[in-house]
Protein chains: 2
Amino acid sequence: MRNISQRIGRSASGELVKDPTRLVETYPKVPLTVDCVLFGFEENVLKVLLIRSDLQVFDGLWSLLGDNVLDNEELDDAANRILKERTGMSDIYLEQVRSFSHPARHPGGRVITVAYCSLINIQHHQLKILDHELHWHDVQSLTQMAFDHFEILTYCNQWLQKRIQEHPLGFNLLPEKFSMRELQNLYEAILNQQLDRRNFRKKFASMGLLIDVNEIENDVPHRPGKLYKFNFEKYEKNKRNWIGIDF
Amino acid sequence: MRNISQRIGRSASGELVKDPTRLVETYPKVPLTVDCVLFGFEENVLKVLLIRSDLQVFDGLWSLLGDNVLDNEELDDAANRILKERTGMSDIYLEQVRSFSHPARHPGGRVITVAYCSLINIQHHQLKILDHELHWHDVQSLTQMAFDHFEILTYCNQWLQKRIQEHPLGFNLLPEKFSMRELQNLYEAILNQQLDRRNFRKKFASMGLLIDVNEIENDVPHRPGKLYKFNFEKYEKNKRNWIGIDF
DNA sequence: TTTAATATGTGTAAAAAATACACATCAATG
DNA sequence: CATTGATGTGTATTTTTTACACATATTAAA
């Protein structure tokens with residue numbers, strides 16, 4: 001093991017490094033991938049888009065949609081590329097969640113991966129299905145996956161549960177015009193928890209971020225609900241920076 | 001550019017991969033570092049531990065404490081190693097925040113870094129000062145740093161502001177026994193905001209997580225305050241999983 | 001056309017939490 | 001012993017959260 005001075009890139013004599021390129025060439029290199037946790041919402045159930053693992057050791061198991069990071073490609077770009085390749089969609093909510101680096105997480109050797117979360121309206125996209133290996137899975141029914149992907153999925157699911165309570169991500173999973181019931185179903189699916197209908201509506205009403213479009217549902221076998229749009233402009237203007245110690 | 005099937009590691013014929021090691025060998029490799037944002041607290045000011053950059057292009061600028069990730073080293077381990085090397089401390093709060101991957105973020109070429117945050121009690125450790133290049137900096141007074149480290153610091157600072165309101169991190173920055181004033185000073189320094197004294201105390205009192213140790217300050221030039229310990233055991237038992245849509 | 005089924009739309013009372021705000025007390029200093 | 005400077009405490013007000021029930025609109029079936 002080199003000593004500290006060398007490892008942090010400082011010469012022992014204390015003089016400045018003039019050629020950073022040569023310095024970087026001395027760094028160990030690691031295979032790096034991005035794994036996308038693509039969440040969707042269908043039939044009031046939270047889904048995740050998975051592919052059957054192509055590794056024999058994981059025969060029959062499902063895995064997240066991942067790929068190598070290309071040379072000089074930003075991680076965000078890699079994630080967007082995967083999303084585009086699989087769903088045909090761009091300009092979609094997509095966010096880095098965290099890295100996973102256990103040395104034995106990949107059976108082929110050391111591979112570090114960065115997990116990204118995305119929320120996709122299942123209706124709005126055409127899956128780029130190369131074969132029958134791509135599938136929307138119920139999140140709740142999964143128990144085992146290839147690699148450490150179940151751990152990653154679990155982490156991202158919890159991350160999403162927290163995130164959706166503080167940011168209006170959910171609207172990406174809904175049609176542009178949606179009913180209160182659809183919105184509540186979405187929150188209940190993601191939070192995996194029943195919510196009080198009146199208080200839920202009251203909460204969103206008090207935020208003043210829903211626009212009543214003066215239309216009603218037309219394909220339901222019961223009294224139709226009113227339709228709303230989310231007021232993204234108003235939200236962006238008034239983003240709060242909250243103070244509230246709470247643990 | 002290879003086609004999708006190849007890039008995701010699947011053979012064109014659709015058969016399973018039997019040798020994952022050979023597969024991984026085909027992945028591009030990237031130099032990977034960890035940068036630690038070591039926050040401290042002294043004289044009621046939030047500080048960050050920085051080192052003077054050793055690159056000539058950044059002459060005079062300060063940078064975070066970073067290092068390469070070693071072969072088969074977990075990212076968490078790399079961060080802990082850096083922390084240990086610099087401060088002599090282990091078993092310290094340390095958490096991954098996010099990765100930064102702009103292709104031009106390092107003048108020596110493509111280097112991806114993973115940022116970690118740590119909170120250190122400045123009194124409790126001995127800086128491993130090799131020379132005079134290591135320094136506790138006021139966070140508020142920084143405007144420019146080497147690499148993208150100012151961006152990383154800003155991100156971590158915001159991350160910390162949010163985190164400390166939901167998790168009891170702050171106690172790592174205080175002595176084991178502390179006064180309410182010290183606790184409030186800490187929150188005010190991190191949140192960069194004045195807080196109402198009575199409401200602050202009421203808030204912490206209502207959480208029931210502070211243990212009155214029946215001692216008082218003895219080195220202050222005014223009426224001494226009572227000292228408290230944080231009840232970590234009780235906190236661990238009662239960790240809340242909160243529901244509260246709010247944006 | 002009537003009835004049953006089902007989901008929508010709405011309000012209020014009670015409890016809990018957040019906020020604003022003032023004065024007596026204690027210890028040290030001169 | 002008076003001054004200085006911080007501690008310790010309570011209450012009234014407002015806001016937010018929670019629990020909870022009934023009339024209404026539409027479809028589908030009788």
Side-chain angles (χ1 to χ4, degrees), chain A residues 43-45 162 164-166 174-175 177-189 191 193-229 238 240-247, chain B residues 43-45 161-162 164-166 168 174-175 177-189 191 193-229 238 240-247:
Chain A
E43 293 158 359
N44 296 338
V45 172
K162 184 152 170 47
I164 201 174
Q165 295 182 62
E166 299 172 4
L174 295 174
K177 300 172 183 179
F178 51 84
S179 69
M180 276 298 200
R181 164 56 48 193
E182 290 176 289
L183 185 61
Q184 184 174 344
N185 283 341
L186 172 63
Y187 272 83
E188 289 182 340
L191 298 177
Q193 175 162 151
Q194 298 264 110
L195 302 173
D196 181 89
R197 192 163 59 93
R198 272 175 296 186
N199 292 336
F200 182 85
R201 298 162 92 92
K202 201 190 307 176
K203 183 71 195 173
F204 272 92
S206 76
M207 286 193 278
L209 292 171
L210 297 185
I211 301 170
D212 183 342
V213 295
N214 287 312
E215 294 177 49
I216 58 171
E217 298 175 291
N218 61 8
D219 48 358
V220 288
H222 56 72
R223 175 177 176 178
K226 299 170 77 170
L227 296 180
Y228 298 88
K229 282 197 301 188
N238 307 338
R240 59 186 301 202
N241 44 347
W242 55 276
I243 293 284
I245 297 158
D246 228 352
F247 49 82
Chain B
E43 292 158 359
N44 296 338
V45 172
Q161 290 185 337
K162 184 152 170 45
I164 202 174
Q165 294 182 63
E166 299 172 5
L174 295 173
K177 301 171 183 178
F178 52 85
S179 69
M180 275 298 198
R181 164 56 47 194
E182 290 176 291
L183 185 60
Q184 184 174 344
N185 283 342
L186 173 63
Y187 272 83
E188 289 182 338
L191 298 177
Q193 177 162 150
Q194 299 264 111
L195 301 173
D196 180 89
R197 191 164 59 94
R198 272 173 296 185
N199 292 337
F200 182 85
R201 296 161 92 93
K202 201 190 305 177
K203 181 70 196 174
F204 272 92
S206 75
M207 286 193 280
L209 293 171
L210 297 185
I211 301 170
D212 184 341
V213 295
N214 287 313
E215 294 177 48
I216 57 171
E217 298 174 291
N218 61 8
D219 49 358
V220 288
H222 55 73
R223 174 176 176 179
K226 299 170 79 170
L227 296 180
Y228 298 88
K229 283 197 300 190
N238 307 338
R240 59 186 300 203
N241 44 347
W242 55 275
I243 292 283
I245 297 159
D246 229 350
F247 49 83

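Here the structure is a predicted model, which is why all the values come from computation and not from measurement.
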Write down the distance between [atom1] ([X]) and [atom2] ([N]), rounded to a whole number of angstrom.
{"X": "B/Phe247", "N": "D/dT16", "atom1": "CZ", "atom2": "P", "result": "15 Å"}
{"X": "B/Phe200", "N": "C/dA17", "atom1": "CZ", "atom2": "P", "result": "18 Å"}
{"X": "B/Lys203", "N": "C/dA20", "atom1": "NZ", "atom2": "P", "result": "15 Å"}
{"X": "A/Leu183", "N": "C/dA7", "atom1": "CG", "atom2": "C1'", "result": "16 Å"}
{"X": "B/Leu195", "N": "C/dA20", "atom1": "CG", "atom2": "C1'", "result": "14 Å"}
{"X": "B/Arg181", "N": "D/dG5", "atom1": "CZ", "atom2": "P", "result": "15 Å"}
{"X": "A/Glu182", "N": "C/dA7", "atom1": "CD", "atom2": "C1'", "result": "13 Å"}
{"X": "A/Leu210", "N": "C/dG9", "atom1": "CG", "atom2": "P", "result": "12 Å"}

Under 3.5 Å, side chain of A/Glu182 to main-chain N/O of A/Ser179, donor-acceptor pair present? yes
Who pairs with [X] by side-chain contact (heavy atoms from CB on, under 4.5 Å), at least two apart in sequence or on another chain?
{"X": "A/Pro221", "answer": "none"}
{"X": "A/Arg198", "answer": "A/Asp196"}
{"X": "B/Arg201", "answer": "B/Met180, B/Arg197"}

Can you list every pair that meets salt bridge (Lys or Arg N to Asp or Glu O under 4.0 Å) and has a residue in residues 207-220 of chain A, with sequence neighbours left out? A/Lys177-A/Glu215, A/Asp212-A/Lys226
So, for B/Leu210 and B/Tyr228, which heavy atoms are closest and what is the spacing to 0.1 Å? CB-CD2, 4.0 Å
Give the intermediate values and the outcome of side-chain contact (heavy atoms from CB on, under 4.5 Å) for residues B/Gln161 and B/Gln193. CA-CA 11 Å; B/Gln161 290 185 337; B/Gln193 177 162 150; over 6 Å; no
Extract from the structure each pairing of a protein N or O with an N or O of nucleotides 10-13 of chain C at less than 3.5 Å, listing the distance.
from: C/dT12; atom 1: O4; to: A/Lys202; atom 2: NZ; distance (Å): 2.8

What nitrogen or oxygen pairs link the protein and nucleotides 25-30 of chain D at under 3.5 Å?
from: D/dA25; atom 1: O4'; to: A/Arg223; atom 2: NE; distance (Å): 3.3

Scan for ring pair (Phe, Tyr, Trp, His ring centres under 6.0 Å) pairs involving residues 194-221 of chain B, sequence neighbours excluded, and state none if there are none. B/Tyr187-B/Phe200, B/Tyr187-B/Phe204, B/Phe200-B/Phe204
Taking side chain to side chain donor-acceptor pair (under 3.5 Å) as the definition, give me every residue that meets it alongside B/Gln184, ordered by chain and number, with sequence neighbours left out. B/Glu188
